[in-house]
Amino acid sequence: EQLDRQTTLLTAIINALPDPIVITDTSNAIVVLNKRAEQLLALRADDSEGRRRAVEINNLLYSAFLSKAVTPGSSGGARELNLVDPNEGTDLLFEVLAHPLPDEMARRGSFLSVLRDVTDLKQAAHQLQRQFHRERVAEQQATRERDRLELILQNVADPILVTDGKSNIILMNRQAEDLFDLTDATRHDQTMVQRVRNNDTKVTSFISDFALTKDRARRAQVSLVRPSNGVPLPMEMVSGKIFDERGEPMAIVSVLHDRTKEVENERLYEELKRFSAELEDRVREATRDLEERNIRLQWQSQELEKAYRLKSEFLANMSHELRTPINALIGYTALMLDRIYGDLTAKQEEGLHRIQVSSQHLLALINDILDLAKIEAGKMPVHLERLSLNDLLHDVAAQMEPMVKRKGLEFIVQLPAEPVYMETDRTKVRQIVLNLISNAVKFTAQGSVSISARANGQDVRIAVSDTGIGIRPQDLEVIFEEFRQVDQSRTREYGGTGLGLSITRKLIALLGGNIAVASQYGRGSTFTVTLPLASEALTSDEQVARVALAPPPRT
């Protein structure tokens with residue numbers, strides 16, 4: 001029992017050590033590992049593929065290290081070993097201290113290895129080495145930079161002068177020598193000598209005046225000449241004082257910059273300003289021409305708008321003239337079918353029925369066109385009255401139910417549980433709902449047609465759904481256009497002017513509402529009308545403006 005306690009205590013001590021501890025036998029096989037060593041060299045059942053691979057690599061590296069560093073009879077020693085952190089995948093550097101175990105503790109050739117993590121120390125040494133290298137490189141770069149600056153100063157394009165406190169030139173570069181050095185000038189004619197002296201006089205005078213002031217720098221423009229050919233040189237001269245340790249000026253450095261190109265640019269700039277002014281005059285003339293053209297275009301637009309309004313008013317005023325003969329035709333046909341003018345044969349009766357149906361169809365088409373013209377001309381009156389939405393929809397449903405039943409469709413009506421009252425135009429709301437239901441029945445061959453309504457705050461929403469042919473997504477934007485149906489084959493099959501939805505949307509706009517459509521091609525469509533509970537009475541101009549600005553249906 002005491003041996004077990006000692007063994008447990010020894011195991012706890014070894015596991016508490018921060019360094020990996022490894023005991024190997026004579027064949028360099030691992031016999032004992034502490035916890036830290038197990039993290040590096042031992043495999044576990046739940047290891048990931050990456051950690052398993054890292055542990056295998058560590059075992060290979062450690063075995064190779066033991067084969068070279070630890071041989072039977074050696075006393076061990078400190079050597080470096082590179083391993084991989086199985087969890088992080090980073091490189092680790094260990095200093096391995098291998099000690100042979102006494103024969104009384106283990107078999108001959110067994111070793112106790114202590115792996116001391118020196119990764120941070122090695123990195124610190126590398127950092128110091130790199131820092132030292134960077135400093136050496138920086139010193140070399142500074143030396144090269146100093147030499148380069150000296151070379152630049154000797155080869156700078158601008159003339160540079162260094163004068164003493166008495167304005168005597170003590171140093172100048174090659175470019176300055178071309179302007180102020182009399183050595184070469186004396187070899188030529190007296191004219192060149194005079195040019196050099198004139199340059200020197202102008203510059204020396206400027207520097208002398210500057211030296212008497214307390215300014216640290218001064219900038220001015222001087223006019224020199226090139227001594228070799230007498231070409232004028234407009235120069236900008238910048239002078240700065242150099243002070244000694246006591247703060248007294250000891251020298252003046254002057255740099256002269258050739259302004260020949262700048263002077264030329266200034267001349268070109270003045271010409272450009274003149275040209276720009278001329279161009280502005282031309283632009284103003286062109287602008288006046290455009291304004292005159294815009295005025296003419298506005299006049300033409302007004303004339304076109306006037307002609308369009310007159311057309312709409314003409315169609316609206318033709319209501320009586322167009323409807324009267326058709327109503328007479330329908331009326332006389334009905335009288336003949338009622339045998340007022342005598343008996344009819346079967347073929348005569350069939351022909352009269354066809355005349356009656358065609359006349360009623362023609363009357364419906366003309367009514368649609370005239371309604372559209374009235375709306376666009378602003379002659380569609382809005383008569384507001386208080387009405388019960390439940391009663392109105394109930395009456396419409398009762399009127400449309402025979403038409404729905406004749407096609408064998410299911411008719412579903414869902415009215416609000418509580419009465420909903422509106423201040424609006426009864427006739428137009430009725431026409432809106434009738435148009436939508438008629439449209440749904442016309443384009444539905446089987447299934448159902450439903451109408452529902454519900455109040456939503458200050459608005460009421462009326463939805464008409466069907467299980468008909470549906471509308472393709474690309475056609476949702478054109479179904480509300482005048483004289484349009486989705487495709488011509490459908491127009492021939494179902495008939496109509498293509499004005500029903502257009503008139504419906506314009507009537508909804510007159511009442512201050514909007515309409516939205518959701519459809520799935522081949523599955524059916526749902527038209528949702530949103531109307532205010534209290535509409536506004538509109539003038540003719542307001543009617544036209546509201547219809548013109550009616551929002552497009554939300555898709």
Side-chain angles (χ1 to χ4, degrees), residues 134-273:
R134 284 196 296 267
E135 290 178 357
R136 289 292 302 275
V137 171
E139 183 179 354
Q140 295 173 0
Q141 289 178 347
T143 302
R144 289 195 298 269
E145 186 67 19
R146 183 171 56 252
D147 296 340
R148 190 172 69 87
L149 287 175
E150 291 179 359
L151 183 62
I152 291 173
L153 288 176
Q154 290 299 324
N155 294 276
V156 69
D158 291 333
I160 298 178
L161 299 173
V162 180
T163 56
D164 58 14
K166 296 181 180 180
S167 302
N168 296 319
I169 298 175
I170 58 177
L171 179 66
M172 56 183 171
N173 64 352
R174 180 175 53 82
Q175 288 74 14
E177 291 177 354
D178 295 338
L179 297 175
F180 305 103
D181 190 5
L182 287 172
T183 303
D184 292 335
T186 55
R187 300 176 184 175
H188 299 80
D189 56 19
Q190 189 62 29
T191 304
M192 185 173 178
V193 174
Q194 187 62 37
R195 291 169 182 168
V196 172
R197 288 177 177 174
N198 289 338
N199 289 342
D200 182 75
T201 300
K202 292 181 180 180
V203 171
T204 302
S205 176
F206 172 80
I207 294 176
S208 299
D209 293 340
F210 172 53
L212 297 176
T213 66
K214 295 182 179 180
D215 298 337
R216 301 180 67 89
R218 176 174 288 188
R219 181 189 301 267
Q221 296 180 5
V222 294
S223 297
L224 305 180
V225 294
R226 192 173 298 281
S228 60
N229 53 22
V231 174
L233 290 176
M235 308 290 284
E236 181 181 47
M237 187 171 179
V238 180
S239 299
K241 296 177 180 178
I242 298 177
F243 298 89
D244 57 16
E245 296 178 353
R246 293 175 296 179
E248 296 180 358
M250 55 182 293
I252 295 176
V253 179
S254 301
V255 179
L256 291 94
H257 176 67
D258 189 351
R259 295 187 63 253
T260 303
K261 291 184 178 180
E262 295 179 9
V263 171
E264 180 66 15
N265 290 338
E266 290 174 358
R267 184 186 65 81
L268 294 176
Y269 175 70
E270 293 299 327
E271 292 184 1
L272 182 62
K273 285 176 59 177

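Starting from 1, each residue takes its place in the sequence as its number.
Heavy atoms only, all atoms of each residue included: Asp158 and Asp258 are closest at OD1-N, 4.2 Å. Listed here is the closest heavy atom pair of Phe243 and Pro249: CD2-N, 3.5 Å. The nearest pair of heavy atoms linking Ile160 to Ala176 is O-CB, 3.6 Å. Counting all heavy atoms, side chain and backbone alike, Thr213 lies closest to Arg218 at CG2-NH2, 3.3 Å. Nearest heavy atom pair, residue Ile252 against residue Ala211, reads CD1-CB, 3.9 Å. Across all non-hydrogen atoms, the minimal contact from Phe206 to Ala220 is CE1-CB, 3.4 Å.
No donor-acceptor distance shorter than 3.5 angstrom exists from the side chain of Ser205 to the backbone of Thr201, with no hydrogens or angles considered.
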Worksheet item: Does the pair Arg219 and His257 meet the rule for a side-chain contact (heavy atoms from CB on, under 4.5 Å), with working shown?
Response: CA-CA 11 Å; Arg219 181 189 301 267; His257 176 67; over 6 Å; no
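Of the candidates Arg195, Gln194, Lys202, Asn198 forms a side-chain hydrogen bond (donor to acceptor under 3.5 Å, both in side chains) with just one, namely Gln194. Asp200 pairs in a side-chain contact (heavy atoms from CB on, under 4.5 Å) with only one of the listed residues (Leu224, Leu161, Ile169), which is Ile169.
The distance from atom NZ of Lys241 to atom NZ of Lys214, rounded to the nearest 0.5 Å, is 10.0 Å. Taken from CG in Asn199 to OG1 in Thr204, the straight-line distance is 10.0 Å, to the nearest 0.5 Å. Separating the OG1 atom in Thr163 from the CD1 atom in Ile242 is a distance of 9.0 Å, to the nearest 0.5 Å. Here Glu266 contributes atom CD and Lys261 contributes atom NZ; the two are 15.0 Å apart, rounded to the nearest 0.5 Å. In this structure, Met235 CE and Gln221 CD are separated by 11.5 Å, a value rounded to the nearest 0.5 Å. Of the inter-residue distances, the one linking Glu139 atom CD with Arg134 atom CZ reads 15.0 Å to the nearest 0.5 angstrom.
Side-chain atoms of Val203 and Leu179, non-hydrogen and from C-beta on, never get closer than 4.5 Å to each other. Between Glu271 and Leu268 there is a side-chain heavy-atom pair separated by less than 4.5 Å. You'll find the side chain of Pro227 stays beyond 4.5 Å of the side chain of Asp178, heavy atoms only.
With respect to Glu264 and Arg267, a salt bridge is recorded, a charged nitrogen being found less than 4.0 Å from a carboxylate O.
Around CZ of Arg136, the count of heavy atoms belonging to other residues, nucleotides or ligands within 6.0 Å does not exceed 12.
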